[in-house]
Amino acid sequence: MEQLEVVRGYRLTGGSVASRRKLGLTEPAFGTLSADAFHSEGFPVSAGFAKPVADAVIAFVLGSKLAGPGATVVDALRAVDFVVPALEITDSGSASAVVLGATPAQLSTVDLRLAGCVLYHRGAVAATGAGGVVLGSPLNALVWLANQGITLEPGQVVLSGALTPPVEVEPGDSVSASIAGLGSVTATLSGEQP
């Protein structure tokens with residue numbers, strides 16, 4: 001009997017107007033994240049997929065259930081346990097690897113709309129952005145997702161959508177993101193197959 005894969009989280013695609021335009025979307029889209037999508041910071045991430053790109057994102061970790069219809073930003077604020085900076089490495093738009101920062105922050109300590117982000121590739125600045133590019137506020141990613149009929153459960157991780165344009169990466173590369181008020185996260189790609 002085939003086992004169903006447990007959903008550990010969700011990822012938003014096309015959170016910014018620019019990314020929707022590039023992807024040919026009229027509204028954001030989402031995908032699921034399984035447990036094997038998550039990688040620990042400090043350990044090499046398998047880069048055995050074609051033409052990977054890295055995005056800087058904000059990761060929300062839920063402390064309580066969030067569901068629509070009618071979910072609001074206030075509901076999202078209540079549901080979030082903490083946030084961390086994260087890197088998402090994708091291949092052709094599907095989640096391949098997610099690396100979460102190790103230091104959690106409380107939503108009350110940062111204005112995510114104004115949180116500036118710098119994405120570094122091989123030690124040099126590769127892209128910049130801010131939280132406000134994602135639906136006006138990264139919190140709106142949670143609200144949008146809940147109002148799509150998705151019930152977000154405690155312990156699940158939701159990726160906000162890219163704060164910066166994606167950066168092409170390859171095996172052996174190091175990429176890191178620094179998000180104001182949240183800290184930083186680094187991933188190094190190995191040459192091994194996933």
Side-chain angles (χ1 to χ4, degrees), residues 9-33 37-39 41 44-60 83-101 103 105 110-145 148 157-191 194:
Y10 295 88
R11 60 187 294 271
L12 189 76
T13 302
S16 72
V17 172
S19 64
R20 284 194 299 279
R21 193 174 299 133
K22 183 176 180 180
L23 295 168
L25 300 173
T26 57
E27 65 176 26
F30 68 90
T32 59
L33 297 168
F38 294 93
H39 299 265
E41 187 174 19
V45 174
S46 176
F49 36 88
K51 298 182 182 178
V53 296
D55 290 308
V57 299
I58 293 172
F60 296 94
V83 292
V84 293
L87 289 165
E88 182 181 20
I89 301 165
T90 60
D91 181 9
S92 302
S94 62
S96 295
V98 177
V99 179
L100 301 177
T103 306
V110 62
D111 184 343
L112 295 180
R113 295 169 304 140
L114 303 177
C117 176
V118 181
L119 183 62
Y120 299 90
H121 180 225
R122 299 178 188 159
V125 174
T128 60
V133 302
V134 179
L135 300 175
S137 169
L139 270 171
N140 289 331
L142 289 172
V143 174
W144 181 87
L145 191 58
Q148 300 307 303
V157 176
V158 177
L159 303 183
S160 66
L163 305 183
T164 65
V167 173
E168 291 183 11
V169 291
E170 56 188 47
D173 280 357
S174 176
V175 62
S176 61
S178 177
I179 302 174
L182 298 183
S184 61
V185 58
T186 300
T188 302
L189 281 72
S190 74

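All figures in this text were calculated on a predicted structure; none of them were measured in a lab. Count residues from 1 along the sequence.
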Looking at every non-hydrogen atom in both residues, tell me the closest pair between [X] and [Y] and how far apart they are.
X	Y	answer
Val45	Ala187	CG2-CB, 4.4 Å
Pro44	Ser190	CB-CB, 3.7 Å
Val185	Leu100	CG2-C, 3.7 Å
Ile179	Pro85	CD1-CB, 3.8 Å
Leu159	Ala59	CD2-CB, 3.8 Å
Ala56	Cys117	CB-SG, 3.5 Å

Are [X] and [Y] packed together at the side-chain level, in the sense that at least one heavy-atom pair is separated by less than 4.5 angstrom?
X	Y	value
Val110	Leu182	yes
Arg11	Thr90	yes
Val125	Tyr120	yes
Phe60	Leu139	yes

**Message:** Checking the side chain of Glu41 only, and the main-chain atoms of Thr186 only, is there a donor and an acceptor separated by less than 3.5 Å?
**Reply:** yes
**Request:** Could you walk me through whether Val175 and Val167 pass side chain to side chain contact (heavy atoms under 4.5 Å, CB included), step by step?
**Result:** CA-CA 9 Å; Val175 62; Val167 173; 5.6 Å; no
**Request:** Kindly determine whether Val134 and Leu163 satisfy side chain to side chain contact (heavy atoms under 4.5 Å, CB included), including the steps that lead there.
**Result:** CA-CA 7 Å; Val134 179; Leu163 305 183; 3.7 Å; yes
At what distance, to the nearest 0.5 angstrom, does [atom1] of [X] lie from [atom2] of [Y]?
X	Y	atom1	atom2	result
Ile89	Leu189	CD1	CG	4.5 Å
Leu87	His39	CG	NE2	12.0 Å
Leu135	Ser160	CG	OG	9.0 Å
Leu119	Ser176	CG	OG	7.0 Å
Leu12	Ile58	CG	CD1	12.0 Å

**Partners meeting side-chain hydrogen bond (donor to acceptor under 3.5 Å, both in side chains) with Asp173 (sequence neighbours left out)** = His121, Arg122
